[in-house]
Amino acid sequence: MVSSTQQFERIRKRKATTNGKRNKRERRALGTPKFAVHPEGYTATAADAKPAAEAKSTK
């Protein structure tokens, strides 16, 4: 027969793992919000705009 301490340690660990799984599952279900790739008023020539894809093909 297993000791009472060992038994309760295992139970607590199992419950903690289960709770963690549930939290992660709920967070995944919420997901990330939808957002526009190019919001209104976006200008490709703006100072903070990303550089064009030319940089990759300069080899």
Side-chain angles (χ1 to χ4, degrees):
M1 191 168 149
V2 83
S3 73
S4 178
T5 304
Q6 192 175 30
Q7 184 176 1
F8 281 108
E9 283 178 0
R10 286 180 181 163
I11 291 171
R12 281 195 300 268
K13 180 163 178 57
R14 185 180 65 234
K15 286 185 176 187
T17 302
T18 303
N19 289 337
K21 286 179 185 176
R22 188 172 296 130
N23 288 338
K24 284 187 275 187
R25 189 178 304 123
E26 288 173 2
R27 288 190 190 113
R28 265 198 315 268
L30 293 175
T32 57
K34 302 281 186 236
F35 58 92
V37 176
H38 297 297
E40 261 184 65
Y42 174 80
T43 311
T45 58
D48 63 344
K50 290 187 176 180
E54 294 173 0
K56 291 182 181 177
S57 63
T58 57
K59 282 189 174 181

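In terms of the side chain to side chain contact (heavy atoms under 4.5 Å, CB included) criterion, residue partners of T5 (sequence neighbours excluded) are, by chain and number, S3, E9.
Taking CE from M1 and CD from Q6, the interatomic distance works out to 11.5 Å, rounded to the nearest 0.5 Å.
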Give every donor-acceptor pair under 3.5 Å between a side-chain atom in residues 15-27 and any protein atom, sequence neighbours left out.
unit_1 : atom_1 : unit_2 : atom_2 : d
T17    : OG1    : K13    : O      : 2.9
T18    : OG1    : R14    : O      : 2.9
N19    : ND2    : K15    : O      : 3.3
N23    : ND2    : N19    : O      : 3.4

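Cluster note: F8 groups with I11 through ILVMFWY side-chain heavy atoms spaced under 4.5 Å, whether in direct contact or through intervening members.
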